[in-house]
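This report refers to the structure that appears directly beneath it.
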Amino acid sequence: MLDPLKNLDLDALPADVRAAVLVVSEQNAVLTTQVAELEALNARLEHFVKELNHVIYGARSEQLTEDERQLAFEDLEVAQSEAEEQSGTVEKMTPRKKRKSVQRNLGNLPDHLERIEQIIEPDSIVCPCGCGDMVRIGEDRTERLEIVPAQPKVIVTIRPKYACPNKQGGVVQALAPVHLIEGGLPTEGTLAHVSVSKYADHCPLFRQSQIYARSGLNIDRSTLANWMGKVSFHLAPVVDHMFKELKTSSKLFADETRCPVLDPGRGKTKTGYLWAVARDERPFGGTAPPGVVFCYADGRGGKHASEFLTGFCGTLQVDGYTGYNALTKPGRNSGPIKLAYCWAHARRKLKEVHDRDGSPIAKEGLKRIAKFYKIEDAIRGQAAEQRKAARQEQTKPLMEDFEVWLKTQRSRISAKSRLGEKLSYIAKYMDGLKLFLDDGTVEMDSNVVERAIRPIALNRKNALFAGHDEGGRTWARIASLIETCKLNDVEPYAYLKATLEAIAAGHPAARIDELMPWNYPFNPRTERLAANNE
């Protein structure tokens, strides 16, 4: 609107008027620049909103997986932060009303972190009045997070030799400390770090090798793989004992997930499977600690489930996979198992139809199932008998209504239709789906074990495949201990380091129960002394 100023003959104006016009012209140029920057910023933020809406509400064929979604959120948040920083720069140039600060989770600094104090003194504490030095009356403290990248160290072990000065008393020297890999480079802490990086943080060995190379430490991927093989061998008895302990329970969860394995003969990958067996009694206040064990198999046949679960007798909560049906046969060596099925899978069947077709019948089924879950949320953590009583009183009548509704809808809908197939699936497994009503230790779904295998899927994406069947077994063993640590709020690196040190020191097999993740922390030095005494 101030463009007409450009057409003025400034030389014809008085000096004071000419100066004022020049000031206005400069202000106009600044405002024009700021408006352009704000418009560009607004357009960029609108683009972020559209991308975010697409990530959340996009068509199923275009939706991202959970891991891809998290990556998208990360990148959007980085871009948003950059835009806000730009916005803050523009706002500093344009005075405006002060806004209330946005409440955000900026993280926290736990008390156990090392504090390195940096005291910044004034240039001078001499009082301007001439009375001498000023007196300290207080201080301001601020804390910021400093992260130092991994710094490899070399542990040099020196064992002095002592001899009789008269050459008659012989030579005395301390025994060499024992290590898991005798004569090898890594300490037990290094082995634990490589294990956690691969199986907990999903960083494949070839990438770890590249990371170490940046620090000038050249360790070939094959060397790291050799270390992991030795770790797996020594941890095998610990995992076997943990699995034996889990199978003494009367209620377990089971599921399986793909584990691609390189097939050298064909130059391709074959499909192996990691079978997960989990225990978690926390929802009904049980005293047994939670745990999960992964078992590698080269297939998904029911024979593998029968083999892994030998010795277990009780209730097994699973999805609808028919491979578990052999466990219910009366002639089974350990006794027949009762299969409790998963309402999360049943609900998922209806949701698939509702999301695609907007089916009112599927919507009604979802609403009915939601009522079951609402009751479960209210009784979670209560004793098994209390849960059973609540289910009998509140959930059972709703379940009976659901069965009537299900039968009515199936009679009206073609069994060959998409919705008919989903309703038939639910009807087929209804006996196992209702099992939780009569047993307070049984959950409505198998989400416990599904959460446990989620990291396996992420590691599969990063590592692509295991090198061979033994690599699959190594994956299963170490992942079993790491995921059990997570279930028990135990730091995996600390546990693995202490456990490997105890094993290297000769921890007695008769006391292997002490090495279970739920019994950590234990003192490796105490274990070493005890082992030496025995």
Side-chain angles (χ1 to χ4, degrees), residues 60 250-255 280 283-284 314-325 327-328 336-451:
R60 170 171 287 276
S250 61
K251 169 67 173 62
L252 293 175
F253 300 84
D255 200 358
D280 194 345
F284 61 89
T315 302
L316 187 69
Q317 189 126 30
V318 295
D319 55 19
Y321 175 49
T322 57
Y324 297 104
N325 291 345
L327 300 173
T328 63
I337 286 176
K338 291 190 293 185
L339 296 182
Y341 291 115
C342 173
W343 272 103
H345 282 78
R347 179 187 179 279
R348 205 170 296 154
K349 300 292 183 182
L350 294 177
K351 192 172 187 306
E352 288 173 1
V353 177
H354 179 264
D355 289 348
R356 195 188 77 164
D357 305 330
S359 167
I361 295 177
K363 183 177 181 181
E364 175 64 22
L366 292 173
K367 286 183 178 179
R368 290 174 178 268
I369 296 174
K371 293 180 180 179
F372 304 159
Y373 273 102
K374 186 175 181 181
I375 296 171
E376 288 301 301
D377 289 341
I379 63 176
R380 182 163 290 111
Q382 295 182 9
E385 287 304 315
Q386 291 177 298
R387 281 157 53 102
K388 178 181 176 180
R391 289 167 175 173
Q392 290 289 315
E393 179 182 354
Q394 303 175 47
T395 311
K396 189 173 183 179
L398 297 176
M399 185 68 70
E400 292 171 350
D401 290 344
F402 181 88
E403 289 187 88
V404 173
W405 172 85
L406 180 63
K407 184 177 181 180
T408 302
Q409 301 306 324
R410 290 187 66 205
S411 66
R412 296 175 178 175
I413 300 172
S414 170
K416 296 182 179 180
S417 67
R418 185 174 177 83
L419 177 58
E421 291 176 352
K422 306 303 183 184
L423 295 178
S424 297
Y425 171 91
I426 298 175
K428 177 182 178 181
Y429 294 105
M430 184 53 71
D431 288 342
L433 288 170
K434 294 191 300 182
L435 195 61
F436 78 102
L437 295 175
D438 301 315
D439 189 342
T441 67
V442 177
E443 289 295 288
M444 262 192 69
D445 54 44
S446 56
N447 286 349
V448 166
V449 70
E450 287 200 9
R451 287 192 294 269

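Computed from a predicted structure; not experimentally measured. For reference, positions follow the sequence shown, starting with 1. Side chains are part of it too, since the values below use all heavy atoms of this structure and drop only hydrogens, waters and symmetry mates.
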Would L350 and L423 count as a side-chain contact (heavy atoms from CB on, under 4.5 Å) here? Give the steps.
CA-CA 8 Å; L350 294 177; L423 295 178; 3.9 Å; yes
How many angstroms lie between CG in L366 and NZ in K371, if you round to the nearest 0.5 Å?
12.5 Å
Report yes if some heavy atom in the side chain of R387 is under 4.5 Å from a heavy atom in the side chain of E443; otherwise report no.
yes
Kindly compute the distance separating OG (S359) from NZ (K422), expressed to the nearest 0.5 Å.
12.0 Å
Determine, stepwise, if the pair V318 / Y341 fulfils side-chain contact (heavy atoms from CB on, under 4.5 Å).
CA-CA 5 Å; V318 295; Y341 291 115; 3.9 Å; yes
Considering only residues two or more places apart or on different chains, which pairs with a residue in residues 360-395 satisfy ring pair (Phe, Tyr, Trp, His ring centres under 6.0 Å)?
W343-F372, F372-F402
Ionic contact status for E364 with R368, cut-off 4.0 Å:
yes
Considering only NZ, NE, NH1 and NH2 on the basic side and carboxylate oxygens on the acidic side, decide whether E421 and K428 come within less than 4.0 Å.
no
Value rounded to 0.5 Å, distance of CG in D319 from CG in D445
11.5 Å
Nearest 0.5 Å, please: how far is CZ in R410 from CG in L419?
11.0 Å
To the closest 0.5 Å, what do you measure between CD1 (I369) and CE (M399)?
8.5 Å
Is it true that Q392 and D438 share a donor-acceptor pair across their side chains at a distance under 3.5 Å?
yes
Gap separating the CG atom of L316 from the CG atom of L435, nearest 0.5 angstrom:
11.0 Å
Would you sort out whether D377 and R380 count as a salt bridge (Lys or Arg N to Asp or Glu O under 4.0 Å), showing the intermediate values?
CA-CA 5 Å; D377 289 341; R380 182 163 290 111; 3.0 Å; yes
